[in-house]
Amino acid sequence: HDVWEAVKVPATVVLILDRSGSMQGEPMENAKAGAAAFIRAMKPRDRVQVVVFSDAVTALSDVCEIASCGESMGQKISTVFAEGGTALYDSIATYYKEISAIKKSGEKRRYAVVVLTDGDDTKSQMSFEDLMDIFPKGEDFDVPKVYTIAYGNEVKKDILAQISNKTNARLFE
């Protein structure tokens, strides 16, 4: 993905990987490969945090510079396996709020959440409408973006597209 190549400003990205039971098999393997490739494509001074979720959300790391943690993140991703339910909306909401707070600290970077998922939600406390409400309204484009990358055969594309569109980002398949 050449998403980041256009602008040379460093990025801070939270990579959220769906490891719920519905991702089992090929979708999980493809998403793990995609996450690892994404991290390899990042620049040394970019920052990343890798988060996995099923019923609950688990951060595999704090936010760290690719130069120091890129390799270990790739290794951690390779050990992820699929099981359990899907707290998709809760996961996105938690880390969107977190990266929005980091962005307010004022450093000139690009901020994004990248979600690798089939888009199914079975376990979130919040509804889809609640999730949409935490995103900026209307024309406020200087906000962290939420890119969704769809995996699997049962993808909820409409939901993923709405989530990405709300932050002026996009859905990749």
Side-chain angles (χ1 to χ4, degrees), residues 1-7 9 11-39 41-42 46 48-59 77 80 82 84-103 109-173:
H1 298 293
D2 295 327
V3 183
W4 304 127
E5 288 307 308
V7 187
V9 180
T12 297
V13 176
V14 179
L15 199 61
I16 301 181
L17 185 58
D18 181 346
R19 64 171 206 92
S20 63
S22 63
M23 291 285 287
Q24 228 154 19
E26 202 179 330
M28 187 77 250
E29 292 313 308
N30 291 343
K32 283 161 54 171
F38 186 92
I39 289 172
M42 292 178 78
D46 289 341
V48 69
Q49 179 175 30
V50 179
V51 174
V52 295
F53 73 91
S54 54
D55 302 329
V57 193
T58 309
I77 287 167
V80 172
T86 319
L88 176 65
Y89 306 153
D90 290 355
S91 304
I92 295 173
T94 299
Y95 285 93
Y96 191 79
K97 287 175 186 161
E98 193 163 290
I99 204 162
S100 298
I102 294 171
K103 184 180 188 305
R109 299 178 80 84
R110 277 164 301 119
Y111 296 89
V113 176
V114 176
V115 190
L116 296 83
T117 180
D118 58 11
D120 200 17
D121 187 296
T122 59
K123 284 283 189 215
S124 286
Q125 304 295 306
M126 70 167 37
S127 68
F128 178 68
E129 289 71 28
D130 292 338
L131 174 63
M132 296 309 273
D133 282 345
I134 72 157
F135 295 134
K137 309 286 177 274
E139 300 303 305
D140 187 4
F141 292 134
D142 184 27
V143 296
K145 309 274 182 258
V146 179
Y147 293 95
T148 51
I149 305 178
Y151 290 91
N153 306 326
E154 305 289 311
V155 173
K156 305 264 192 292
K157 268 189 228 157
D158 51 333
I159 284 187
L160 295 178
Q162 283 181 65
I163 290 170
S164 286
N165 291 345
K166 196 81 169 147
T167 62
N168 205 30
R170 54 178 285 226
L171 158 70
F172 295 90
E173 291 174 59

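Note that these values count all heavy atoms, side chains included, but never hydrogens, waters or copies made by symmetry.
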Sequence neighbours excluded, which residues qualify as ring pair (Phe, Tyr, Trp, His ring centres under 6.0 Å) partners of Tyr96?
Phe135
Within this structure, what is the CG-CD distance for the pair Asn153 and Glu26, rounded to the nearest 0.5 Å?
7.5 Å
Would you mind reporting whether Lys145 and Arg110 have side-chain heavy atoms less than 4.5 Å apart?
no
Which pair of non-hydrogen atoms, one from Pro144 and one from Ile99, has the smallest distance, and what is that distance?
CB-CG2, 3.6 Å
Write down the atom of Pro27, the atom of Gly152, and the distance for their closest heavy-atom approach.
CG-CA, 3.6 Å
Determine, stepwise, if the pair Met42 / Val48 fulfils side-chain contact (heavy atoms from CB on, under 4.5 Å).
CA-CA 9 Å; Met42 292 178 78; Val48 69; 4.1 Å; yes
Nearest heavy-atom approach of Ser164 to Arg170 is OG-O, 3.2 Å
Gap separating the OG1 atom of Thr12 from the CD atom of Gln49, nearest 0.5 angstrom
10.5 Å
Within the distance-only criterion (no hydrogens, no angle test), does the side chain of Asp130 pair as donor or acceptor with the backbone N or O of Ser127 below 3.5 angstrom?
yes
Side chains of Val146 and Lys166: closer than 4.5 Å at any heavy-atom pair?
no
Here the pair of heavy atoms bringing Ile77 nearest to Ala36 is CD1-N, 4.3 Å
Please examine the side chains of Leu17 and Met28, heavy atoms only from C-beta on, and report whether any two atoms are closer than 4.5 Å.
yes
Val115 pairs by side chain to side chain contact (heavy atoms under 4.5 Å, CB included) with which of Asp18, Leu88, Leu160?
Leu88
Side chains of Val51 and Val57: does their closest heavy-atom pair fall under 4.5 Å?
yes
Say you draw a straight line from NZ of Lys32 to CG of Leu116; how long is it, rounded to the nearest 0.5 Å?
12.5 Å
I'd like to know whether Glu98 forms a side-chain contact (heavy atoms from CB on, under 4.5 Å) with Val14, so could you lay out the CA-CA distance, the side-chain angles of the two residues, the decisive distance to 0.1 Å, and finally the verdict.
CA-CA 9 Å; Glu98 193 163 290; Val14 179; 5.7 Å; no
For Thr167 and Val113, run side-chain contact (heavy atoms from CB on, under 4.5 Å): C-alpha distance rounded to whole Å, both residues' side-chain angles, the deciding distance at 0.1 Å, then the answer.
CA-CA 10 Å; Thr167 62; Val113 176; over 6 Å; no
Taking every non-hydrogen atom, the tightest pair across Ser124 and Ala87
OG-C, 3.3 Å
Would the distance check show the side chain of Ser54 and the main-chain N or O of Arg19 forming a donor-acceptor pair, the cut-off being under 3.5 Å?
no
Only one of Thr94, Thr58, Thr86 clears side chain to side chain contact (heavy atoms under 4.5 Å, CB included) with Phe53; which?
Thr86
Ring pair (Phe, Tyr, Trp, His ring centres under 6.0 Å) involving Tyr95 - partner list, sequence neighbours excluded
none
Taking atom CD1 of Ile39 and atom CG of Asp46, what is their separation to the nearest 0.5 Å?
11.0 Å
Checking Asp118 against Ser22: is there a side-chain donor and acceptor pair closer than 3.5 Å?
yes
Which atom of Ala82 lies closest to which atom of Gln24, heavy atoms considered
O-NE2, 3.3 Å
For residues Leu131 and Asp121, determine if any side-chain heavy atom of one lies less than 4.5 Å from a side-chain heavy atom of the other.
no
List the steps and the verdict of side-chain contact (heavy atoms from CB on, under 4.5 Å) for Tyr89 and Ile159.
CA-CA 10 Å; Tyr89 306 153; Ile159 284 187; 3.4 Å; yes
Taking 4.0 angstrom as the limit, do Asp142 and Lys103 come out as a salt bridge?
yes
Side-chain contact test, heavy atoms from C-beta onward, threshold under 4.5 Å: evaluate it for Ile163 versus Met132 and give yes or no.
yes
